[in-house]
Student: 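Okay, handing you the structure first.
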2 protein chains.
Amino acid sequence: MVTSTKQTSREVVECLKVISDPTRLLIMKLVEQKEYCVCQFVDMFAISQPAISQHLRKLKQAGLVKEDRRGQWRYYSIDESSVHSHLVKGILNHIDKEDEQFNLLLSKETPVNCK
Amino acid sequence: MVTSTKQTSREVVECLKVISDPTRLLIMKLVEQKEYCVCQFVDMFAISQPAISQHLRKLKQAGLVKEDRRGQWRYYSIDESSVHSHLVKGILNHIDKEDEQFNLLLSKETPVNCK
DNA sequence: GACTTATATAAGTATTTTATTATACAATGA
DNA sequence: TCATTGTATAATAAAATACTTATATAAGTC
């Protein structure tokens with residue numbers, strides 16, 4: 001069953017604004033599958049740790065991801081309870097599984113306790 | 001049948017960037033149903049004619065709309081042949097039919113030969 | 001408690017975006 | 001052909017965005 005919870009155009013715009021960035025779209029593509037630790041994103045993307053942190057803050061403020069603090073680490077995963085969840089997943093589904101950028105990220109994935 | 005032509009993440013980002021603006025998203029919601037003349041957009045939105053023109057240019061450059069010149073008028077409509085067409089329509093489908101902004105626009109709709 | 005590690009926040013900056021006003025261009029009609 | 005109408009483009013300014021480096025916070029370790 002496809003539950004299509006309708007949203008206001010304003011809400012849709014807010015959601016699109018957040019994911020219309022290459023880093024954040026790919027973060028969403030990652031966390032759609034499983035949770036990731038911040039340090040893993042830092043290893044995968046070619047930007048600084050604060051930049052990653054700021055992207056995650058935007059995603060969290062928009063309610064697209066949820067945060068789980070365990071020890072020193074913070075894990076992020078898709079927030080399935082978000083009003084935007086269905087819209088986001090529909091969009092992510094348009095990305096080819098063989099997408100070069102995405103597979104490049106996956107190839108850089110490291111375990112959480114990398115060091 | 002749902003034809004889901006997969007795209008690169010880069011392509012999806014480019015598409016999202018273009019429609020993650022309230023004016024352009026609503027223009028797409030309008031032209032999804034029928035063609036509109038530039039002068040109609042100018043009447044419906046509370047921004048200047050050049051601003052409308054620039055939004056339309058962005059939509060056209062991204063291939064989301066097509067232009068039809070007839071007489072003095074230029075008509076815009078959704079480009080169904082676009083690689084983004086399916087993605088865009090999926091997104092537009094998340095907007096509530098009772099959306100306040102959208103209905104406000106519709107209430108301001110005028111015929112083409114308004115004056 | 002001091003040191004380290006993981007992450008967030010602050011401040012600053014370069015770039016991009018979106019509007020505006022002014023102007024150009026293209027079609028219509030007297 | 002000249003004026004009008006519809007639309008696009010140019011120039012510019014203001015605001016938003018996405019980085020950077022520096023620093024703060026918070027948890028873990030010795």
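Quick note on labels: first sequence line is chain A, next is B, and so on, each numbered from 1. No hydrogens, no waters, no symmetry mates; every other heavy atom, side chains included, goes into these values.
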Student: Might you confirm whether atom CD of A:Glu109 has over 12 heavy atoms from other residues, nucleotides or ligands at distances under 6.0 Å?
Tutor: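 It does: A:Glu109 CD has more than 12 such atoms within range.
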Student: For a quick test of reading the model, state the closest non-hydrogen atom pair linking B:Leu105 to B:Leu30 and the distance between them.
Tutor: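 Closest pair (atom of B:Leu105, atom of B:Leu30, distance): CD1-CD1, 4.1 Å.
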Student: Is B:Arg74 near enough to D:dA8 that one of its side-chain N or O atoms lies under 4.0 angstrom from OP1 or OP2?
Tutor: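 For D:dA8, OP1/OP2 do have a side-chain N/O of B:Arg74 under 4.0 Å.
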Student: Measure from CH2 on B:Trp73 to P on C:dA27 and round the result to the nearest Å.
Tutor: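 My rounded result for the distance is 13 Å.
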Student: Classify A:Tyr76 by what it touches in the nucleic acid, base, sugar-phosphate, or nothing, heavy-atom distance under 4.0 Å.
Tutor: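 Answer is sugar-phosphate: A:Tyr76 comes under 4.0 Å of backbone atoms only.
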Student: Could you name each residue pair satisfying ring pair (Phe, Tyr, Trp, His ring centres under 6.0 Å) that touches residues 28-67 of chain B, not counting sequence neighbours?
Tutor: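 Those involving residues 28-67 of chain B are B:Tyr36-B:Phe41.
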Student: Got a donor-acceptor pair under 3.5 Å from the side chain of B:Gln72 to the base of C:dT28?
Tutor: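 No, no donor-acceptor pair under 3.5 Å.
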Student: Do the side-chain N and O atoms of B:His84 and B:Glu14 include a donor-acceptor pair separated by under 3.5 angstrom?
Tutor: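 No.
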Student: Check the distance between D:dT17's C1' and A:Glu14's CD and give it to me in whole angstrom.
Tutor: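 My rounded result for the distance is 14 Å.
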Student: Give the rounded distance in Å between these two atoms: CD of B:Gln49 and P of D:dG6.
Tutor: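 Going from CD in B:Gln49 over to P in D:dG6 covers 10 Å.
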Student: For A:Ala51 and A:Lys17, take the nucleotide of DNA chain C holding the closest heavy atom to each; which residue's nucleotide lies nearer the 5' end?
Tutor: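 That would be A:Ala51.
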Student: Counting only side-chain nitrogens and oxygens, does A:Ser48 get under 4.0 Å of the OP1 or OP2 atom of D:dT20?
Tutor: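 A:Ser48 to D:dT20 OP1/OP2: side-chain N or O found under 4.0 Å.
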Student: Side chains of A:Val65 and A:Ile78, heavy atoms from C-beta outward: is any pair under 4.5 Å?
Tutor: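 The answer is no; the side chains never approach within 4.5 Å.
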Student: Please report, rounded to the nearest Å, how far the P atom of D:dT7 is from the CD1 atom of B:Ile52.
Tutor: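 Taking atom P of D:dT7 as the reference, CD1 of B:Ile52 is at 11 Å.
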Student: Just by distance, with hydrogens left out, do A:Asp99 and B:Thr8 show a side-chain donor and acceptor under 3.5 Å apart?
Tutor: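 Checked: A:Asp99/B:Thr8 side chains show no N/O donor-acceptor pair below 3.5 Å.
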Student: Given C:dT7, is OP1 or OP2 found less than 4.0 Å from the side-chain N or O atoms of A:Tyr75?
Tutor: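 Result: no.
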Student: For DNA chain D, which residues in residues 20-37 of chain B have a heavy atom at a distance below 4.0 Å?
Tutor: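 DNA chain D contact set from residues 20-37 of chain B: B:Cys37.
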Student: Scan residues 54-71 of chain B against DNA chain C and write down, sorted by residue number, each residue with any heavy atom closer than 4.0 Å; if none is found, say none.
Tutor: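 Residues of residues 54-71 of chain B under 4.0 Å from DNA chain C: B:Gln54, B:His55, B:Lys58, B:Gly71.
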Student: Can you tell me how far P of D:dC19 sits from CD1 of A:Ile47, to the nearest Å?
Tutor: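 About 5 Å, once rounded to whole Å.
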Student: Does any non-hydrogen side-chain atom of B:Lys89 lie less than 4.5 Å from one of B:Glu80?
Tutor: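 Contact flag for B:Glu80/B:Lys89 side chains = yes.
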Student: Do B:Ile27 and B:Leu59 have side-chain heavy atoms sitting under 4.5 Å apart?
Tutor: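 Result yes, sub-4.5 Å side-chain heavy-atom pair found.
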Student: Among the nucleotides C:dT7, D:dG6, C:dA22, which one has an atom lying closest to any side-chain atom of B:Pro50?
Tutor: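 The closest nucleotide is C:dA22.
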Student: Answer yes or no for A:Arg70 and A:Tyr75: cation-pi contact, defined as NZ/CZ to six-membered ring centre under 6.0 Å and angle to ring axis within 45°.
Tutor: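 Pair A:Arg70/A:Tyr75 counts as cation-pi.
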